Amino acid sequence: MSAALDEFCGSVFWNASYLARPDADLPVCFQQTVLVWVPLGFFWILAPWQLLPMCRSRTKKSSVTKLYIIKQVLATLLMLTAVAELALAFVEDTEQNPLPAVLYTNPSLYIATWLLVLLIHDARRFCLCRDSGVLFCFWALSLLCGILPFQSLLRRALQEPISDVPRFVLFFIFYGLQLLLFLVSGCSDIAPETKEITKKVRGEISLLHSTVFKGYRKPLEVEDVWELKDKDKTRAIYTTFEKNMKTAVKKAQAELEKRKRKRRRQEGDHGNNMSKAQSQDVLVLEEKQPKKKKKGNKEDASLRKDFPRGWLVKTLCKTFWQNLLMSVAFKLVHDGLVFVSPQLLKLLIAFVSDEESFVWQGYLYAILLFLTALIQSLCLQQYFSLCFQLGTNVRASLIAAIYKKALTMSSTTRKESTVGETVNLMSADAQRFMDMTNFVHQLWSSPLQIILSIVFLWGELGPSVLAGIAVMVLLIPINGFLVAKAKTIQVSGGWKILPGEHPLTLVIPQILKLFAWEPSFEKRVNEIRARELKNLVNFSYLQSISIFVFTCAPFLVSLASFAVYVLVDENNILDAQKAFTAISLFNVLRFPMAMLPLVLSSLVQTNVSTARLERYLGGEDMDTSAIHHNPIAGSAVRFSEATFAWDITLDIVPGSLVAVVGAVGSGKSSLVSAMLGEMENVKGHINIQGSLAYVPQQAWIQNATLKDNILFGSELDEARYQQVIKACALLPDLALLPAGDQTEIGEKGINLSGGQKQRVSLARAVYSNADIYILDDPLSAVDAHVGKYLFEHVLGPKGLLQNKTRILVTHSISFLPQVDNIVVLVAGAVSEHGSYSTLLANRGAFAQFLNTYGSQEENASEKNTPEQGDEDEPCVEEGPEDVVTMTLKREARLSLGSQLPPLAPAPPSEVGVWELLWWVSYRQGVKFSMYLRYLRAVGLWYSFWVAMGYVAQYVAFVGTNLWLSAWTDDAQHYLNQTYPVEQRDLRIGVFGALGVSQALFLLFATILSAQGAVRASRVMHQQLLSNILRVPMSFFDTTPTGRIVNRFAKDIFTIDETIPMSFRSWLSCFMAIISTLLMICLATPFFALVIIPLSIFYYFVLRFYVSTSRQLRRLDSVTRSPIYSHFGETVSGLSVIRAYGHQERFLQQNENTMDINQKTVYSWIISNRWLAIRLEFVGSLVVFFSALLAVISKGTLEGGIVGLSVSSALNVTQTLNWLVRTSSELETNIVAVERVYEYTKVKNEAPWVTEKRPPRGWPSKGEIQFVDYKVRYRPELELVLQGITCNIGSTEKVGVVGRTGAGKSSLTNCLFRVLEAAGGSIFIDEVDIATIGLHDLRQNLTIIPQDPVLFTGTLRMNLDPFDQYTDEEVWKALELAHLKTYVQTLPEGLLHLVSEGGENLSVGQRQLVCLARALLRKAKILILDEATAAVDLETDHLIQTTIRSEFADCTVLTIAHRLHTIMDSNRVLVLQAGRIVEYDSPEELLQKQGVFSSMAKDAGITATESTPL
């Protein structure tokens, strides 16, 4: 081979002696062949692919740009130089001296190559991205290979006259042109017409430059982040994932069936058990057959526990295999290069120690070290980028799958998990997968690195290396034990309270205030907190020990290895090459050893998540096979022997109004669920002809504008829209809302009253213009007169929906005479149906029902068929006069205005973003005062000694290394002598002592910092809690509970755990960098000059990056919460979404929300890579300069100090990276201190207890006097109550009535001083309530609030949260509240767990629990706030009877919705626009034709006798 090449070049191809001299050079033939053919080979292999766009593309070429012309001109000039060289060869070639073949082949190859380059430039005009990566790499490679001939020619020219001038000149022209092309192809070439499109897909790095600078200059918004490519969008990713998922799940389900069959065969078939999906109402059925059901459930459960397994990971691998393969390739290259650096270090130390070696070798090693570090860092960053991309894509596909599943899952599967658990799948489990994918490759990479390290170490130190490895392996179980111990502390202490479980979410602030439960609550939270902190201290100590072990590790390992190596054989002398190469390898080994256990434990956790996701995503879908849509003449809805939890046959005529009535638990809601396909069908079917609209019992409102809530995705038809709004009595409300129908409605309709929510929900149905309307008791939440208005204008025979089929579930009797057909349900079956008169004549269940609850109502309603003028009354009534009060009520609930920009109309995508962006972006940086505030909370002495501990640790660290370098120099000093034993022992002993002291100083610092951190946590939590419990109610009205809970959960968690960790890591990194630079400067003092420019560059990168990174993190969390809140919203409104058939639209919205989040995460990932590449470049330069200076100072340096300097430099790269990360993290986390501080400064309400205490047993009589009492919600607003004066006598029963917004609820707020007086006063038993403490007042009043508020916990805790009463008293209260029998049937009795918001009790039962609560307190004054609004007549009756008997000797104020409830009061107080207009006994007021009598007329009451109550 060599001989052939010699002939081909006409000179020697290879001769090693060329290198063995000071002015080494490569033979000319080698330069002409290998150095030319390597870049050309690379180019010709990859070039053909670059021409593909030319053949495939159907698009037309983009226009010619200046850059394109420059490239083509330069390539043409290159071709001309090649042609000139070929011509020269032909001219010079003569018979006498024939030229070697190489002078013909090379120019010919180049001509072909430059032609191809011209073609590629042209082909790229078909692409969006016209720059070619292959060409760029080719130019770079060609220039690198050209450096050697370049310097050869220059050196030869300087030594002797140039022999071949033309070729000499041509080479330099050729090299210069290539350099120009390399520079030009570095600029991006964008055609003017594709500028807009390429903006979106432009190279990430160039875009990042602009983003990073933008983020430094101003707060970033979502719009500043560049768009995702189509292939990265959620829809594209999910489509592939779903296709693979379907096939995998099918296989898994087949397996599952096999397993089930096998199990059944083993157990013998126990008969077929139906799983009964029961609605909460069907309690009747449960009571009849409790025993049978339980047994059935057991078997069901064992079968239900099983689910399709093992398909998720396969699906993910199949979907993302390309990414996985590419990242494996990059990781392999990186892992290989990791082991090149220690070998180069070894060569460099040998070079310094060897007098004979040539200088060029040293320079070569320095350059190779630099290049290795550079390529290593590029591969690593590319690998990370791929891993993180994989992570975000996996998360996106999982979230999309979970969301889609939620829309299609059956109601039984849905009942298996709560909304919270389902959202958890999204937030926790999908996130866990994302975290896992970042490190999944460590599973093969760590073992590979460990094996390679051991192989290389064996080569250095022989078997002694096993001692070091043994120490490492021993440390793993110790660390494992510490981690396990820490875990048990976390678990046993129920240690961190998760946001969802924080005591604050369990309690509605209003209840705490009205019942004066704050001190007991504070005590309870403090007890939990004390346990938390105790565990936190133990946890921190454990952490300190594990940090101590981790710090000892590297030095113990090197101590063990070196000591054994020196002690085993006296000929073994530790020299610099061995010691520092070994230390570098040990450093390499540390990372995989630490990572492997972490990755394995993360794998275990991911396994749990996998099971959860597989169960959820493999669950049963909703089965709508029982719902048919066949056209049947004369039938809109037909139940044919439809058996759900009961059996029904029913036919509903198109265009009729059908009322469904029945007692609580008779199955009304279940009937509705069955029609919507939400119930499990046993046999038979339901035929529904036409489209459905559904109004649920509890209105479901989206977090969007009011208009969007009504349109619900339909096109806007302005005329119809206005008609619907008018009919649903929404016009007056629109006049009051800050932005009309463009007002943003908060989550769960927070800024609307119950009645408004219900009317919006109704308007949504009416606007949808469906054929069949299913209305589940929509009128219960609105005032009687509004209900009447809605019936007239919307539901009734003359309403908007008169020609539609309407199925109305109702508790209200007054509308029944006007419906076409009534269906009476008893115990889940139709007991009778027919028209009102038929049913009355039948004298069946319905007639009895009517006799009990208002037999005379029908004549009342018939007499009072309202005239036209009367109809519009509610709208007029709620008009101008009430505007003020209504606005105030809304203002109080809403007044985000005081903190946020006005609630302007906002596009749905930014919902909720405002509120978060508002306060985070007001200042980019974090004030230094926050760090000081935290350090003060820790204690300044603590802080000082912690810092000192770290300084001492690093002094010892530098000492250890300098001692090692001196030890290795002994090998030179005692070159051919025996090494003295005492010298050896001294070296080992001092090395060990320095190492131990290093670890001890660190232990001292971490234990101190643990104590300080716990102290800070205690102080900050206490300040926050005591302040939050003392803030006025208006604060809770204007601040979302979520935000307050976040302060207690997330921010306190950050202060407890994250900030101390961040501070420690930051100090540690900072000291490590300083000590490394110090050691390099000790070796080569000139390095100090290099430090200055490097640190300036580093500082700027740091400043730019930290601000941008922090903002991208903020955007990530800001755009992430809408994903979860939209999901939560969807799950709670599932039945509505399905009823309207809007699943596809919600899927689309979810994808858009996801994409907004994806693009911010994506930018964050890329910005991290942007930073890492620049920082690692700084690290690579540090390595290069430390090696270069060592080469320059050769002769003056010992091998040991060079080894120390370069091996420290090799380590510094990662540390530099970490310092930026920790700075950024610390700056992000310290915000928590600011947020907590912000809430400790909120203004408090009046003191709980004042100097003046009321007399014992006050109030003994229960007399209330209002004296010219005025009140307003906020100083700048109008009065709500405008000078009220009245007396309420002892034990008097007074009803308070008034239209919506007349100030009824404000009255109760004033009695409890939730609102403070703006003038006048209130006396209770002659004590002015403004002069006593809030608790003295509130503990002596009792209220049954409007919304029955229950919190998660036992039933007993809900009645008596602080154990003030005995069990007997509690049972007595339950008996009086008619709940005793129900509670006795519950398996846990009083310890029955109440779910979130009391979801597992019916609305009526919740209200009765609140009644029981009031009965326990039994104060002299009772206030009933519209407590009967959402209750059926039966429960209402129960409550009224109890109150009448049990509170006979108390003063009772009832704020009424239904006038029936107060007709037997002693007196009635009528409010209008904040003034008392009438105040007398009901009989008097009915005779006096005033406001009250007109309201009574609306409600169908003529004389007091007419009410059975």
Side-chain angles (χ1 to χ4, degrees), residues 19-22 24 339-370 372-373 456-462 464-465 558 561-562 565-566 569-588 958 960-980 983-984 987-988 991 1076 1079-1087 1182-1211:
L19 294 175
R21 53 185 198 207
F339 293 100
V340 173
S341 302
Q343 301 309 315
L344 286 170
L345 171 65
K346 187 176 171 182
L347 292 169
L348 186 68
I349 296 173
F351 160 78
V352 173
S353 315
D354 181 9
E355 305 288 319
E356 312 291 297
S357 51
F358 301 115
V359 177
W360 66 266
Q361 289 174 316
Y363 289 121
L364 180 68
Y365 297 149
I367 290 169
L368 284 176
L369 268 170
F370 177 63
T372 311
F456 281 114
L457 278 166
W458 190 280
E460 293 303 324
L461 301 176
S464 325
V465 88
S558 40
S561 308
F562 297 155
Y565 177 71
V566 179
D569 181 351
E570 51 198 41
N571 299 331
N572 284 354
I573 294 182
L574 194 65
D575 61 1
Q577 284 184 35
K578 283 195 166 51
F580 289 105
T581 310
I583 280 186
S584 291
L585 286 165
F586 279 131
N587 282 340
V588 169
V958 173
T960 315
N961 282 325
L962 290 172
W963 184 261
L964 179 66
S965 122
W967 180 3
T968 57
D969 291 337
D970 288 352
Q972 293 288 355
H973 300 162
Y974 299 94
L975 197 52
N976 296 318
Q977 310 163 26
T978 50
Y979 190 50
Q983 174 77 356
R984 180 191 73 192
R987 290 295 189 198
I988 295 175
F991 185 67
T1076 302
M1079 286 191 286
I1080 299 176
C1081 288
L1082 284 175
T1084 47
F1086 280 111
F1087 186 74
V1182 171
V1183 173
F1184 176 62
F1185 282 116
S1186 65
L1188 186 68
L1189 291 167
V1191 173
I1192 293 172
S1193 345
K1194 184 191 172 189
T1196 61
L1197 290 180
E1198 299 278 357
I1201 196 89
V1202 171
L1204 172 64
S1205 156
V1206 178
S1207 66
S1208 311
L1210 283 172
N1211 233 5

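Just so we're clear, the structure is a prediction, and the values are computed from it rather than from any experiment. Values reported hereafter were calculated over all heavy atoms of this structure, with side chains retained and with hydrogens, waters and symmetry mates removed. All residue numbers refer to positions in the sequence shown, counting from 1.
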Nearest 0.5 angstrom please: Thr978 OG1 to Asn571 CG, how far? 10.0 Å
Does Val1191 reach the side chain of Lys1194, with side-chain heavy atoms less than 4.5 Å apart? no
Inter-residue atom distance Asp970.CG - Glu1198.CD, 0.5 Å rounding: 10.0 Å
Heavy atoms only: give me the nearest Ser341-Thr372 pair and the separation to one decimal. OG-CG2, 3.9 Å
Heavy-atom distance under 4.5 Å between the side chains of Phe586 and Val465, does that happen here? yes
Interatomic distance, Ile367 atom CD1 to Leu344 atom CG [nearest 0.5 angstrom]: 12.0 Å
Who pairs with Thr581 by side chain to side chain contact (heavy atoms under 4.5 Å, CB included), at least two apart in sequence or on another chain? Pro342, Lys346, Glu460, Leu585
Of all the heavy-atom pairs spanning Ser558 and Phe991, show the shortest one and how long it is. OG-CZ, 4.2 Å
4.5 Å side-chain heavy-atom contact, Leu369 and Phe1184: no
Is the side chain of Ser357 donor-acceptor paired with the backbone N or O of Phe351 at a distance under 3.5 Å, no angle test? yes
Below 30° counts as parallel, above 60° as perpendicular, anything between as tilted: where do the rings of Phe562 and Trp967 land? perpendicular
Checking Ser965 side chain against Asn961 main chain: does a donor-acceptor pair fall under 3.5 Å? no
Mind checking ring pair (Phe, Tyr, Trp, His ring centres under 6.0 Å) for Tyr974 and listing every partner two or more places apart, or none if nothing turns up? Tyr979
Flag the pair Ile1201 / Leu962 as yes when at least one side-chain heavy-atom distance between them is below 4.5 Å, and no otherwise. yes
Over all heavy atoms of both residues, which pair between Ser1205 and Ala1083 is shortest? Give the atoms and the distance, please. CB-CB, 3.6 Å
Rounding to 0.5 Å, atoms OH (Tyr565) and CD1 (Ile573) come to a distance of 9.0 Å
Minimum heavy-atom separation for Met1079 and Ser1208, please, with both atom names. CE-OG, 3.7 Å
Checking Ile583 against Leu964 for the side-chain contact (heavy atoms from CB on, under 4.5 Å) test, could you report, in this order, the C-alpha distance in whole Å, the side-chain angles of both residues, the deciding distance, and whether it holds? CA-CA 11 Å; Ile583 280 186; Leu964 179 66; 3.0 Å; yes
Could you pull out the closest heavy-atom pair between Ile349 and Gly1203, with the gap in Å? CD1-CA, 3.6 Å
Any chance you could lay out the side-chain contact (heavy atoms from CB on, under 4.5 Å) test for Leu19 and Trp360, step after step, and finish with the verdict? CA-CA 10 Å; Leu19 294 175; Trp360 66 266; 4.2 Å; yes
Can you find a pair of side-chain heavy atoms, one from Ile1192 and one from Tyr363, that are under 4.5 Å apart? yes
Side chains of Phe1086 and Ser1193 in contact at under 4.5 Å (non-hydrogen atoms): no
Are any of the side-chain heavy atoms of Thr1076 and Val1182 separated by less than 4.5 Å? no
Distance, nearest 0.5 Å, that separates CG of Asn587 from CG of Asn1211: 4.0 Å
Nearest 0.5 Å, please: how far is NZ in Lys578 from CZ in Phe580? 14.0 Å
Where Leu348 and Ala1187 come nearest, the two heavy atoms and their spacing: CD2-CB, 4.0 Å
